[in-house]
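One structure follows; several queries about it will come next.
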Amino acid sequence: MTKENKRILILKALEELLPGRRFHEITLEEVAKAAQVGKGTIYLYFKDKDALFAELVCYQLERLSQELAALADCAIHDLPGRVFELVSNFIRRHRAGFGTVSGAVNHTANLSAEQLEKLRQCSSDAVDTLAKVFQKAAPDWSSSRTALNARALLWLVDGFMRSEFAREKSCVEIEEVLSFYKRGAEI
């Protein structure tokens, strides 16, 4: 098994342990057992549990970027709804393992500057991927307009999901948010 395959095996094992539990509740021993590797093997790939956290988030963001890139042939009118669905599902999955936004922030507080930069880059790559998808769907848009519309849509999804988590039910319907976005983006 290649080094990269083993790294992914460990990340997938952690991902499988997360549903119904919080990241901080899971031990490296459990991850090693689920990945069918020795605990020491985890340390060959990840400096510590915080590094494992950072790598898992990046791994998940890379997969989100791939899902967003797969929307490249989507019509501009349909794109916001498809993006909303993908990103809101990503946030739900992410929240299931890391708890509240403040819980994820607490995890990031322990990360090194290098790990934080890697997280920022993975997040930025996802935004750039979405901007490229917008550019393909609306080739007459400028690059600054596609980047702005990509960020605005992601901010709206994030805000909607935060309000949904805070109230257990959103006071605004998804269709209203999408309609608001489309008017602003002139779609």
Side-chain angles (χ1 to χ4, degrees), residues 4-5 7-16 18-19 23 52-101 103-105 107-108 111 114-165 170 172-187:
E4 181 61 17
N5 287 347
R7 179 184 154 278
I8 290 171
L9 181 70
I10 293 166
L11 292 170
K12 285 182 177 182
L14 174 57
E15 224 173 16
E16 289 173 11
L18 280 171
F23 178 78
L52 182 58
F53 166 80
E55 287 293 321
L56 178 62
V57 174
C58 284
Y59 176 68
Q60 291 172 332
L61 284 168
E62 289 166 4
R63 289 195 346 237
L64 176 63
S65 290
Q66 292 169 355
E67 291 173 358
L68 291 169
L71 298 176
D73 293 325
C74 195
I76 189 65
H77 186 71
D78 298 328
L79 191 55
R82 301 280 304 278
V83 169
F84 198 101
E85 181 181 350
L86 276 177
V87 175
S88 61
N89 286 336
F90 170 81
I91 292 171
R92 280 187 188 97
R93 286 190 313 266
H94 186 74
R95 184 176 188 267
F98 298 113
T100 62
V101 171
V105 169
H107 289 300
T108 60
L111 300 179
E114 181 181 309
Q115 291 165 333
L116 284 171
E117 181 54 35
K118 184 169 184 179
L119 282 177
R120 280 189 209 99
Q121 187 59 52
C122 290
S123 179
S124 180
D125 289 348
V127 174
D128 292 345
T129 298
L130 182 56
K132 288 175 186 171
V133 170
F134 267 104
Q135 188 65 59
K136 186 168 184 198
D140 56 322
W141 287 5
S142 68
S143 61
S144 60
R145 182 176 178 189
T146 57
L148 176 65
N149 279 304
R151 281 186 177 80
L153 182 55
L154 293 173
W155 288 329
L156 280 171
V157 176
D158 180 59
F160 179 85
M161 296 305 294
R162 286 176 193 241
S163 74
E164 182 179 274
F165 294 142
S170 179
V172 178
E173 297 296 322
I174 293 171
E175 292 77 22
E176 294 174 73
V177 174
L178 288 172
S179 177
F180 171 79
Y181 171 79
K182 286 179 180 181
R183 281 193 311 272
E186 297 177 350
I187 295 176

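Remember, predicted model here, so these are calculated numbers, not experimental data.
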Evaluate the side-chain proximity of Arg93 to Glu15: yes if any heavy-atom separation is below 4.5 Å, no if none is. no
4.5 Å side-chain heavy-atom contact, Val87 and Ile91: yes
By the salt bridge (charged side-chain N to carboxylate O under 4.0 Å, His left out) test, which pairs, at least two apart or in different chains, include something from residues 117-127? Glu55-Lys118, Glu117-Arg120
Partners of Ser179 by side-chain hydrogen bond (donor to acceptor under 3.5 Å, both in side chains), sequence neighbours excluded? Arg183
With a 4.5 Å limit on heavy-atom distance, are the side chains of Ile10 and Leu52 in contact? yes
Give the minimum heavy-atom separation between Val133 and Leu68, together with the two atoms involved. CG2-O, 3.3 Å
Hey, does the side chain of Ser123 reach the backbone of Leu119 with a donor-acceptor pair shorter than 3.5 angstrom? no
How would you list all residue pairs meeting ring pair (Phe, Tyr, Trp, His ring centres under 6.0 Å) that involve residues 136-157, not counting sequence neighbours? Phe134-Trp141
So does Ala69 get a backbone contact from the side chain of Lys132, meaning a donor-acceptor N/O pair under 3.5 Å? no
For Arg151, the side-chain hydrogen bond (donor to acceptor under 3.5 Å, both in side chains) test, sequence neighbours excluded, returns none
Check whether the ring centres of Phe84 and Tyr181 lie less than 6.0 Å apart, and answer yes or no. no
Please enumerate all residues that pass side-chain contact (heavy atoms from CB on, under 4.5 Å) together with Ser144, with sequence neighbours excluded. Ser142
Do any N or O atoms from the side chain of Asn149 and from the backbone of Arg145 form a donor-acceptor pair under 3.5 angstrom? yes
Which pairs pass salt bridge (charged side-chain N to carboxylate O under 4.0 Å, His left out) with one or both residues in residues 71-89, sequence neighbours excluded? Asp73-Lys136
